[in-house]
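Encoded as structure tokens, the structure appears first; notes follow it.
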Amino acid sequence: MSEVLLVYASMSGNTEAIADLIEEGLQEENMNVTKLDVVDCDLDQLNAFDSIILGAYTWGDGELPDEFLDLYDEMAGLDFTNKQFAVFGSGDTAYDIFCGAVDLLEAMIDERNGQIVQPGLKIELGPDGEEETCKDFGRKFAQAVNLKASV
């Protein structure tokens, strides 16, 4: 069974609800999921997994939330070669930059030589009405990871 690390930051519970649905999709594809709040994740855990999904809500003017900043800064010293990633987040289209945290995380992964195996998932506020989209995001990530593993 393939393993994936699912790390998220959630203030209102929206991003955590999205993470829960993504986890369901991963499990439907027989992935073993380690799901962590970002405050409980460290570099050792990032290094221990080859398949990683990161999720964060967007704060302020398209920024990462404070609780994600320490891990984000530490990621700048890592090499993500041979690691597969996907990124998701929640945001509010009332702001000029919608789900900017997703873009920031994807840029960091790209700079550190990680492989983003599918486009980022950006959800308006919470997953209500988007439950199947969130589950499908998890299923597609699992399929991409398993496809690479079988090559």
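Note: hydrogens, waters and symmetry copies are ignored here, and every other heavy atom, side chains too, is used. Just so we're clear, the structure is a prediction, and the values are computed from it rather than from any experiment.
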Looking at Phe141, is its backbone amide N or carbonyl O close enough to the side chain of Gln118 to form a donor-acceptor pair, meaning the two atoms are under 3.5 Å apart? yes
Residue pair Asp103 / Met108, side-chain heavy-atom distance below 4.5 Å: no
Considering all heavy atoms of both residues, which atom of Gln115 and which atom of Ile109 are nearest to each other, and what is their separation? N-CG2, 4.5 Å
Among the clusters formed by ILVMFWY side chains lying less than 4.5 Å apart, do Tyr95 and Leu64 turn up in the same one? no
Treat each ILVMFWY residue as a node, draw an edge where side-chain heavy atoms are under 4.5 Å apart, and state whether Leu5 and Ile116 are in one component. yes
Could you tell me whether the side chain of Tyr8 reaches within less than 4.5 Å of the side chain of Val38, counting heavy atoms only? no
Whether the side chain of Ser51 engages the backbone of Val4 through a donor-acceptor N/O pair (distance < 3.5 Å, no angle test) should be reported. no
Is the backbone N or O of Leu46 less than 3.5 Å from a side-chain atom of Lys83, with the two atoms forming a donor-acceptor pair by type? yes
In terms of side-chain geometry, is the basic nitrogen of Asp40 or Lys35 positioned less than 4.0 Å from the acidic oxygen of its partner? no
Are the side chains of Asp50 and Gln84 in touch, meaning some heavy atoms are under 4.5 Å apart? no
Contacts of type ring pair (Phe, Tyr, Trp, His ring centres under 6.0 Å), residue Phe80, not counting sequence neighbours: Phe85
Side-chain touch Asn32/Leu26, heavy atoms, less than 4.5 angstrom: no
Does Leu125 share a hydrophobic cluster with Phe98, counting links as ILVMFWY side-chain heavy atoms below 4.5 Å and allowing steps through other members? no
Could you report the tightest heavy-atom contact between Phe137 and Ala86, atom names first, then the distance? CZ-CB, 3.6 Å
For the pair Gln45 (side chain) and Asp42 (backbone), establish whether a donor and an acceptor sit closer than 3.5 Å, ignoring hydrogens and angles. yes
Looking at every non-hydrogen atom in both residues, tell me the closest pair between Gly62 and Leu104 and how far apart they are. O-CD1, 3.5 Å
Residues Gly89 and Val102: closest non-hydrogen pair is N-CG2, 3.4 Å
4.5 Å side-chain heavy-atom contact, Ile123 and Phe88: no
Would a distance-only check, ignoring hydrogens and angles, find a side-chain to backbone donor-acceptor pair under 3.5 Å from Arg112 to Ala76? yes
Between Gly91 and Cys99, which heavy-atom pair has the shortest distance, and what is it? N-SG, 3.4 Å
To the nearest 0.5 Å, how far apart are CG in Asn113 and CG in Leu78? 11.5 Å
Val33-Leu21 co-clustered via ILVMFWY side chain contacts under 4.5 Å: no
For Glu132, does its backbone N or O pair with a side-chain atom of Asp136 as donor and acceptor, under 3.5 Å? no
Student check: side-chain heavy atoms of Asp37 and Ser10 closer than 4.5 Å: no
Strictly distance-based, threshold 3.5 Å: is any side-chain N or O of Glu124 a donor or acceptor partner for the main-chain N or O of Thr93? yes
Separation between CG (Leu105) and CG (Asp110), nearest 0.5 Å, reads 12.5 Å
Gap between atom NZ of Lys135 and atom CG of Asp20 - 0.5 Å precision: 11.0 Å
Using a cut-off of 6.0 Å, state whether more than 12 heavy atoms not belonging to Asp96 lie near its atom CG. no
What residue among Asp70, Ile52, Leu36 forms side-chain contact (heavy atoms from CB on, under 4.5 Å) with Cys41? Leu36
When you measure from the side chain of Glu29 to the backbone of Lys140, do you find a donor-acceptor pair of N or O atoms at a distance under 3.5 Å? no
Under 3.5 Å donor-acceptor, Thr58 side chain and Ala101 backbone: yes
Ile53 and Val87, any side-chain heavy atoms less than 4.5 Å apart: no
State, with a plain yes or no, whether a side-chain heavy atom of Thr133 is found less than 4.5 Å away from one of Leu121. yes
Worked verdict on Arg139 versus Glu28 for salt bridge (charged side-chain N to carboxylate O under 4.0 Å, His left out): CA-CA 7 Å; Arg139 288 189 288 264; Glu28 288 174 16; 2.6 Å; yes
Closer than 3.5 angstrom, by distance alone: can the side chain of Ser2 be matched with the main-chain N or O of Met31 as a donor-acceptor pair? no
Please tell me whether Leu69 and Trp59 are part of a single hydrophobic cluster in this structure, the criterion being side-chain heavy atoms less than 4.5 Å apart. no
Exercise: identify the closest heavy-atom pair between Leu6 and Glu23: CD2-CB, 4.0 Å
Please determine, by modelled atom types, if Tyr57 and Glu67 share a side-chain donor-acceptor pair under 3.5 angstrom. yes
